[in-house]
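This report refers to the structure that appears directly beneath it.
The figures here come from the full heavy-atom set of this structure, side chains too, leaving out hydrogens, waters and symmetry mates. Order of appearance sets the numbers: ligands from 1, and atoms from 1 within every ligand.
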Amino acid sequence: MASAQYNINDIIARGMPDATGMRVGIVVSEWNDSITLALTDGAAKTLKQYGVKEEDILIKTVPGSFELIYGSSLMAQSHEVDAVIAIGCIIRGETPHFDFIAQGTTNGLAALNAQGEVPVIFGVLTCSNRQQAEERSGGVLGNKGEEYGATAIKMIAYRRSLEKK
Ligand code: DLZ
């Protein structure tokens, strides 16, 4: 389950880089789209807040969280973006094979991230029930999408800090 304790304010409090000129791809799962679209809005809002231009945010959809792996892989290889945010929502109470999908998606995205083409941000909510997902996608616990946007900016800045001048 996504953490309720740590939030966007903790990320911002540690300092945010200027995101001007950054290009960010968002791959969104259509499964549970009332949740994933709200997370996408949160991510885009934060990206724009720190300087990413609307036209530099590339949003593509895939059918379910498991397809985030392939969708993010293609986007990472496209060289059109500096980071990819993979957004999904898997709900245990509504998904008999929750553990397989959640673990497969997590492992796939982790492997992709380690390849290092561009940073891949893990934006998949894994919740026990729909209420928990709603609380984290614009409800009482805020919008985790904002954290995904801020994390993408920080990871692009991290990569740039290591590039030869
Ligand atoms: C099949 C399935 C189920 C039961 N539950 C979810 C879910 O809660 N969240 C989600 O993003 N996707 C789910 N899926 C779809 C799988 O991610 C995938 O799209 C299909 O298994 C086809 O590969």
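A salt bridge links Arg92 with Asp99: the distance from a Lys NZ or Arg NE/NH1/NH2 to an Asp or Glu carboxylate oxygen falls below 4.0 Å. Taking a cutoff of 4.0 Å between a charged side-chain nitrogen and a carboxylate oxygen, Glu80 and Arg23 do not qualify as a salt bridge. Looking at Arg160 and Glu163, no side-chain N of the basic residue comes within less than 4.0 Å of a carboxylate O on the acidic one, giving no salt bridge.
Interface atoms of ligand 1 facing Cys89, defined by a heavy-atom separation under 4.0 Å, are 7 (C), 8 (O), 9 (N), 10 (C), 11 (O).
Under 4.0 angstrom from ligand 1, the non-hydrogen atoms of Ile91 all belong to its backbone. Residue contacts with ligand 1 for Thr105 are absent, since no atom lies close enough (heavy atoms, distance under 4.0 Å). Of the heavy atoms in Ser29, only side-chain atoms (C-beta onward) come closer than 4.0 Å to ligand 1.
When atom types are taken as modelled, the side chain of Asp56 and the backbone of Val24 share no donor-acceptor pair closer than 3.5 angstrom.
Atom 21 (O) of ligand 1 is never approached by the protein to below 4.0 angstrom, counting heavy atoms only.
For the pair Glu67 and ligand 1, the shortest N or O to N or O distance falls below 3.5 Å. Residue-to-ligand polar distances keep Ile101 apart from ligand 1: every N/O pair is separated by 3.5 Å or more.
To the nearest 0.5 Å, atom CD1 of residue Ile85 and atom OG1 of residue Thr40 are 8.5 Å apart.
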